[in-house]
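When a residue number appears, it is its place in the shown sequence, counting from 1.
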Amino acid sequence: MAALIKAANAKIRSNPVTDYFCSTHFWGPASNFGIPLAAVLDTQKSPELISGKMTGALTIYAFTFMRYSLAVTPKNYLLFACHFVNAGAQLTQGYRYMDWNHWGGREKAKAATPATVAV
């Protein structure tokens, strides 16, 4: 059984494409794409749900690992793309947070809603 596994591993590693798809250089970023995907989908939700501290932390995280993805050998461009998308989504969320909480977005939304008349 061990010889069979060793032979299968040697076959996978002999082809550069299958070697890449069976490596952490592919599966790490592929599984990590859930974070930017969630952040992009969150841009459709109400800005009052955004946590400023968490958005700040995720922005720092994204920029840190964008740098890391280019510092490792070999460079991991898929990881860079993942964190680039995440940084963009987090910066968008950060803008929405600042607009809603500090730049008058909440007041503008209240003014735009028609007042209800009690009968």
Quiz item: Can you name the salt bridge (Lys or Arg N to Asp or Glu O under 4.0 Å) partners of Lys108, sequence neighbours left out?
Solution: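 Listed in chain order: nothing, the list is empty.
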Quiz prompt | Set of residues satisfying side-chain contact (heavy atoms from CB on, under 4.5 Å) with respect to Trp27, sequence neighbours excluded | solution =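 With sequence neighbours excluded, Trp27 shows a side-chain contact (heavy atoms from CB on, under 4.5 Å) to Ala30, given in chain and number order.
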Exercise. Supply the members, apart from Leu58, of the Ile/Leu/Val/Met/Phe/Trp/Tyr cluster built from side-chain contacts under 4.5 Å; use none for a lone residue.
Key: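 Under the 4.5 Å side-chain rule, Leu58 groups with Ile35, Met54, Tyr61, Phe65, Tyr68, Val72, Leu79.
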Practice problem: Quick one: name the residues clustered hydrophobically with Ile60, using the 4.5 Å side-chain heavy-atom rule over I, L, V, M, F, W, Y, and just say none if it's on its own. | Solution: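 Answer for Ile60: none, a lone residue.
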Spacing of [X] atom [atom1] and [Y] atom [atom2] [to the nearest 0.5 Å]:
X	Y	atom1	atom2	value
Leu37	Asp42	CG	CG	9.5 Å
Glu48	Arg96	CD	CZ	10.5 Å
Gln90	His83	CD	NE2	11.5 Å
Thr59	Asn86	OG1	CG	7.5 Å

Practice problem: State which residues pass side chain to side chain donor-acceptor pair (under 3.5 Å) with Lys75; sequence neighbours excluded, sorted by chain then number. | Solution: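 Residues passing side chain to side chain donor-acceptor pair (under 3.5 Å) with Lys75: none at all.
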Quiz item: Who are the side chain to side chain donor-acceptor pair (under 3.5 Å) partners of Asn101, not counting sequence neighbours?
Solution: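 Scan of Asn101 (side chain to side chain donor-acceptor pair (under 3.5 Å), adjacent residues dropped) gives Arg106.
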Quiz item: Linking I/L/V/M/F/W/Y whenever their side-chain heavy atoms sit closer than 4.5 Å, directly or via other members, would Met66 and Leu78 fall into one cluster?
Solution: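 The answer is no; the residues belong to distinct hydrophobic clusters.
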Quiz item: Do Tyr77 and Phe84 sit in the same hydrophobic cluster, where Ile, Leu, Val, Met, Phe, Trp and Tyr count as joined when their side-chain heavy atoms come under 4.5 Å apart?
Solution: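 The answer is yes; both residues are in one hydrophobic cluster.
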Exercise. Could you pull out the closest heavy-atom pair between Phe33 and Ala81, with the gap in Å?
Key: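 Of all heavy-atom pairs spanning Phe33 and Ala81, the closest is CZ-C, 4.1 Å.
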Quiz prompt | Heavy-atom closest pair, residues Pro29 and Cys82 | solution =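 The answer is O-SG, 4.1 Å.
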Quiz item: For Pro47, which of Ile50, Thr43, Leu49 qualifies under side chain to side chain contact (heavy atoms under 4.5 Å, CB included)?
Solution: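 In the set Ile50, Thr43, Leu49, the residue that makes a side chain to side chain contact (heavy atoms under 4.5 Å, CB included) with Pro47 is Ile50.
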Quiz prompt | Tyr97 and His102 aromatic ring geometry - parallel, tilted or perpendicular at 30°/60° bounds | solution =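 Rings of His102 and Tyr97: perpendicular, over 60°.
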